[in-house]
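Report on one structure; see the data block that follows.
Indexing begins at 1, ligand by ligand and atom by atom, following the structure's order.
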Amino acid sequence: MASEFRLIADHFTHAAPRTLLGVGDDAALIRPSRGQVLAVAADMLVGGRHFFMDADPVAVGHKALAVNLSDMAAMGARPRWATLGIALPRADARWVAAMSRGFMALARRHGVDLIGGDTTRGPLNLCVQIIGELPARQALRRDGAKPGDDIWVSGTLGDAALAVAAGMKRIRLKPAELKQARQRLDRPQPRVALGLALRGVARSAIDVSDGLLADLGHICERSKVAAVVALERLPLSPLMRRHRHAPAGLAALLGGGDDYELCFTAAPARRAAVERAALRSGTRVTRIGRVIRAPAGVCSVAVVDGDGLPLAPAQRGFDHFG
Ligand code: ADP
Ligand code: MG
């Protein structure tokens, strides 16, 4: 790309106060804090697949970093550095400037330095790598859940997926509702502060990127346990409350992705500590169920209704998102 160096100089070179050597050399140099281990994750956003090709580039930049920050939150890590690999069909400086604004605004808010990356011509695609740090033994892993643990979730669930369902004409939203749902889909707010506050409190955690049941299922599989979730306890936005009885609404709630809330487990004895962590991080949390022993070794997630009866698979809406 002829203007690759121009793009890098104009849009990807920023102050990196927490970095020994940032953009401009063959590699960046970083120094982890004493006693901390590094947490490393990468998430790719493909144009036309993870975002609409005509999506607001500010939102694309925001989301590319947000989904990575969410992985740090889910580990209880403090995000510190990011790299950004980007393929562009053409050197559209205005698009890149707007995308970079969205990316950097969120990076600054979380104290993350952009320390390098790659810029090339190709199908629109952003690959962010995030590096955070944490005390090794306080990592919120997927494999720490124990039978008897409470299951918690932050924020509200399903709103982002309502926007997707509306786009696929599976549900009708009023213009104001669609705007609200799109806000959740396009501008996820990663729960970094909550993840940090849950260090030493939660026993396991994951971020809800693929849907509550799928992601809680990952905790169960890694922890070799099962889970029971109470449908009536799930935290709903006013928007979701209006649509939860539609099949596509229930499917969004249980199986829809892109919420980027945290789902975590903690011993019942730590309920007060969880509430304090929520308060300290300014994040709502809701207790939605319980971890149980895996019946016959099956690490399943059951959803029960108000009468305690399990929902049939069709009711859970998997068919809508398979
Ligand atoms: P090289 O060919 O040695 O990989 P590049 O020309 O690709 O060097 O990159 C020059 C510098 O700009 C490097 O420090 C690289 O990390 C940085 N860089 C390139 N693209 C990006 C980007 N999209 N975001 C942040 N830094 C970038
Ligand atoms: Mg390069």
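- If you check the side chains of Ser223 and Asp143, you find no donor sitting under 3.5 Å from an acceptor.
- Of the N and O atoms on the side chains of Trp152 and Thr265, not one donor lies less than 3.5 Å from an acceptor on the other residue.
- At a heavy-atom distance under 4.0 Å, only side-chain atoms of Ile8, from C-beta outward, approach ligand 1.
- Remark: ligand 1 atoms within the under-4.0 Å shell around heavy atoms of Phe5 are 6 (O).
- Using a 4.0 Å cut-off to heavy atoms of Val23, the atoms of ligand 1 that qualify are 12 (O), 14 (O), 17 (C), 26 (N).
- Looking at Gly24 next to ligand 1, an N or O pair under 3.5 Å apart turns up.
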Criterion salt bridge (charged side-chain N to carboxylate O under 4.0 Å, His left out) on Arg80 and Glu133, from CA distance to verdict: CA-CA 7 Å; Arg80 305 233 323 149; Glu133 38 181 37; 3.2 Å; yes
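- The shortest N or O to N or O distance between Gly117 and ligand 1 is under 3.5 Å.
- Here the side chain of Ser237 pairs a donor or acceptor atom with the backbone of Met240 at under 3.5 angstrom.
- Side-chain N/O atoms of Thr156 and Arg184 include a donor and acceptor closer than 3.5 Å.
- Set against the non-hydrogen atoms of Asp25, the atoms of ligand 1 under 4.0 Å away are 13 (C), 14 (O).
- Proximity to Asp26 (heavy-atom distance under 4.0 Å) selects the following atoms of ligand 1: 3 (O).
- In this structure, the side chain of Thr13 engages the main chain of Ile8 through a donor-acceptor pair within 3.5 Å.
- Formation of a donor-acceptor pair under 3.5 Å by the Ser281 side chain with backbone atoms of Ala277 is found in this model.
- Judged by distance alone, the side chains of Glu4 and Thr119 never bring a donor and an acceptor atom under 3.5 Å apart.
- Ligand 1 lies less than 4.0 angstrom from a heavy atom belonging to Glu4.
- Set against the non-hydrogen atoms of Gly116, the atoms of ligand 1 under 4.0 Å away are 16 (O), 24 (N), 25 (C), 26 (N), 27 (C).
- Set against the non-hydrogen atoms of Thr119, the atoms of ligand 1 under 4.0 Å away are 19 (C), 20 (N), 21 (C), 22 (C), 23 (N).
- With a 4.0 Å cut-off on non-hydrogen atoms, Ile86 touches ligand 1 through its side chain and not its backbone.
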